[in-house]
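Chain naming here is simple, since letters A, B, ... match the order of the sequence lines and numbering starts at 1 in each.
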Amino acid sequence: MQPAQTVSEIPKQYEPKDVEARWVDRWESLGVFHANVNSERTPFVIACPPPNVTGALHLGHAVNGTIQDILARQHRMLGDEVLWQPGTDHAGIATQFVVEKKLYREERKTRHDLGRDEFVSRIWDWKQTYGDTILGQYRRLGASLDYKRWRFTMDEGYSKAVRRAFVHLYERGFIYRGNRMINWCPSCLTSLSDLEVSQVVQDDKLYFVAYPVLGDEGELVVATVRPETMLGDVAVAVNPGDTRYAGWVGRQVRVPLADRAVPIIADEHVEVDFGTGALKITPAHDMNDYEIGLRHGLPVINTLSASAVLNEAAGRYAGLTREEARRRVVADLENEGCLRKIEDYQHSVGHCSRCDSVLEPYLSDQWFVRMAELAKPAIAAVEDGRIQFHPARWGGVYLDWMRQVRDWNISRQLWWGHQIPVWTCSAGHQTVVEETPRTCAHCDSQELVQDPDVLDTWFSSALWTFATQGWPEQTAELKRFHPTSVLSTARDIIYLWVARMIFSSLEFLDDIPFKDVIIHATILDPEGRRMSKSKGTGVDPLLIMDKYGTDACRFWMAGAGTSAQDVRFREEKIESYRNFANKLWNASRFVMMKAVNGTEAPQRPAVISSVIDRWILSRLTGVVHDVSEAIARYEFGVATQILYEFTWNHFCDWYLELAKPRLDSGDEGVRWVLKEVLDTLLRLLHPFMPFITEEIYQLLGQRGWVSVVASLQQVAWPEPQAVWRDGAAERDVSLLIEIVRTVRNMRAELRIEPAKLVTEMVVLAGADERQLLEEHVSLLAKMTRCERWVFISDEQAVTELKCATGLAGVVRLYLPLTQFGDLLDKEIARLRKELNALESEQLRVDSQLANDAFVARAPVAVVQKLRDRSLEIVRQLEVVQQTLARWEGA
RNA sequence: GGGCGUAUAGCUCAGUUGGUUAGAGCGCCACGUUGACAUCGUGGAGGUCACUGGUUCGAGUCCAGUUAUGCCCACCA
């Protein structure tokens, strides 16, 4: 331990940088974040959502990290065995792309130039070198993750878990292979699940193309946004009830540009009112057309290659991209006189959520997970409350999706990821096993070829809560740390990840993966838009942390992250919390400076006699209670608000100011109370602001004022002290404060300079109030800069006095002024203002009391309160009116 | 087309089960170097709680509708 700094050596401004750097290292070397699997304590477990291995810390991670860290740190202080499980996700497409790009940039090579094994090994190299930058960034945040347990979704044990999961689902019939229409990204060259498609509304054209009816003079005009697909048309469909075309159903039309005859069919799917009521059917390139084709036994003509270039089936358009082909087809239709008109048209188009390319509906062989059965227990777990969402409405969002969940396409045509554990022999038998097989399970053939595809990244992250604890082995960790306690995440992965973790855990472990799910708010840019890297509207939390300190950032994020609605980022907000940190720092400096009496630590007095001390302790214990409750409900914004207000307003603005004169007069109790409040406050603030609280706590420890500990993390969370609750003290001090405020207001409005010492204050008060005030005259004198306080019990005593009049509840304050004549106008203005306020209030209060229905039906307490106030107003009005009359007459 | 949110001070947001005069931070105005802090202190100004109607003794709060705005889901070419 370094030698204690003298207080004057502690800087006047809190400097976060070196404090933070020091504690990041120290906490880790102390091992306070490491969970002991053999401990007897109650486990408290959070599985941290694994960021992409390519990732860098963004505001979303920072918010989520803060929320989880608050819980982890508080639960350590509560005495739980806390495991906050860290790790990264291999992030199939994202990572493969980063490395492919780098490979091309540096070596002008594609992955095909290297071959699969070499390419995958390059990704592993990349991962070793750059992969875990986010780890260091979490440290910067102060995240108390159990870094020794860092996991990766493709490490050895995890890969075993993935194979077990696949084989298990396959053997139970939940996984099947099917030739189906899927979302295909022609740029990523892989299939995607429905959830990886983002629908974007865009402006397009609707082309009206005439198809000549064979054996008739007529023509059938169809409306389409994709004329380039017409080379793959196999029919034209109309609604069976559409009288316009009834006679033509069963006949044929010629597909322009293709010189092919196709039938006119009738299908319910066709809307009579849309376009012309005639729909061209292209089963290979449209989900609906595919369904219609199946119903009518139509052929499928695929005119596109995997990269969305037209193929041989497109005849003379082969080799063109879909965009070029569209232009050429439209021009050719125009030339042939088949284009009837073009309309502007707005519709939604599926884009790749990764690269933003327009997706193609594409017919291919893929692996799917059959969801209907798996969804049932996952629905029940949320319906019966075993799993609860916070805010609760997200549970409804989850259920809506889960109740109509569709089968999940899990195969991806990528190289980076968990290769699907299915081997096919030369005879075409499939072997599906966990360990790579030598021979076919059906025919002893040794010519086995593994399915080249890899699994959707989310297939492996769905196992996160238990695969990280050693599943499928029955490890001690799995027994102790599963199910986890809380999951905190962003709402955009409720379906992608949360839902899949729930059904996976229920299927593989027959247990829920977590009890509570916190869905944190999304942080928007200052204009209220979603932050986006590509638009440059993203905010780098690391820069903000550099500028204002991590604690200030965290304090804001705690509140923002658990807001019920989305929150705009504004630097000024962080700045105000930087100021708050500085306030805490300086209040602590003050306590250390003043509370010390020689080198002795303050001793707890036998009796806490001062009403002011009893007041702050009463408030403090309320804060302990309320903050603990708020955290238990995951309402961190409420907690930060209470802590901010208590620290700044109650403790600094009032208690410290009231303590100053008392310290001078040798009051011993105040020293201990100062220490006690600060000690408790530091514990309460620690989960939110770990660095500054740790630093100050150590400074207190060096002075022997608190027990010396390696880290504040090892100190117990405060408990409310019922004996400190003191309503009388709270009422008394409220009155003292109101009196001080009233006098200050009088001084300000009468323009009596702050420096000027007022010689006398005359107070008219009842017996109880008078006793309270008399006990605290020297305090009042210091706080208001009025030297002498004179108490009277009869108003007559002041009627002749030249003085300003103030009302503080039931107490009247008279400020005699020698130069009163100069201030008469200002005093009259003051009283007028007061009069107006009282009169309008009287009108409101009395008219309400005059309402019989109100008096009859409102609760007695409410009515009584109003009656009391009404009487009070009368008395106050009397004082103001009389005084005003006197001065206006003067 | 469905679903879920949101509209409160110049700005960003709080406002629990309906109950005196609707709060905070920032900004604004006035004053201030009293020995923790100017990243500060003291005092002050500023709001028809989006609109309309309803329930109620009483509505920012509950109900219905309207408008604006955001997000999610959905196969009308």
Quiz prompt | Salt bridge flag under 4.0 Å for residues A:K573 and A:E571 | solution =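 A salt bridge is absent here (no side-chain N lies under 4.0 Å from a carboxylate O).
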Quiz item: Could A:E527 and A:R568 be called an ion pair, given the rule that one side-chain N must be under 4.0 Å from one carboxylate O?
Solution: no
State whether [X] places a side-chain N or O below 4.0 Å from either non-bridging phosphate oxygen (OP1 or OP2) of [N].
{"X": "A:R568", "N": "B:C13", "value": "yes"}
{"X": "A:Y14", "N": "B:C37", "value": "no"}
{"X": "A:N579", "N": "B:C40", "value": "yes"}
{"X": "A:R844", "N": "B:G58", "value": "no"}

Quiz item: Is there a donor-acceptor contact under 3.5 Å from the side chain of A:R589 to the main chain of A:W585?
Solution: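 No; judged by distance alone, with no hydrogens or angles, the pair does not exist.
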Any donor-acceptor pair, under 3.5 Å, between the side chain of [X] and the base of [N], if you only look at N and O atoms?
{"X": "A:K583", "N": "B:C37", "value": "yes"}
{"X": "A:K12", "N": "B:A38", "value": "no"}
{"X": "A:R869", "N": "B:U21", "value": "yes"}
{"X": "A:E657", "N": "B:A36", "value": "yes"}
{"X": "A:R578", "N": "B:U39", "value": "yes"}

Quiz item: List RNA chain B stems (3 or more consecutive Watson-Crick/G-U pairs, under 3.5 Å)?
Solution: B:1-7 with B:67-73, B:10-13 with B:23-26, B:28-32 with B:40-44, B:50-54 with B:62-66
Quiz prompt | Atom pair distance, as rounded to whole Å: OH in A:Y644 and C1' in B:A14 | solution = 14 Å
Self-check item: A:I494 side, atom CD1; A:L195 side, atom CG - distance, nearest 0.5 Å
Solution: 11.5 Å
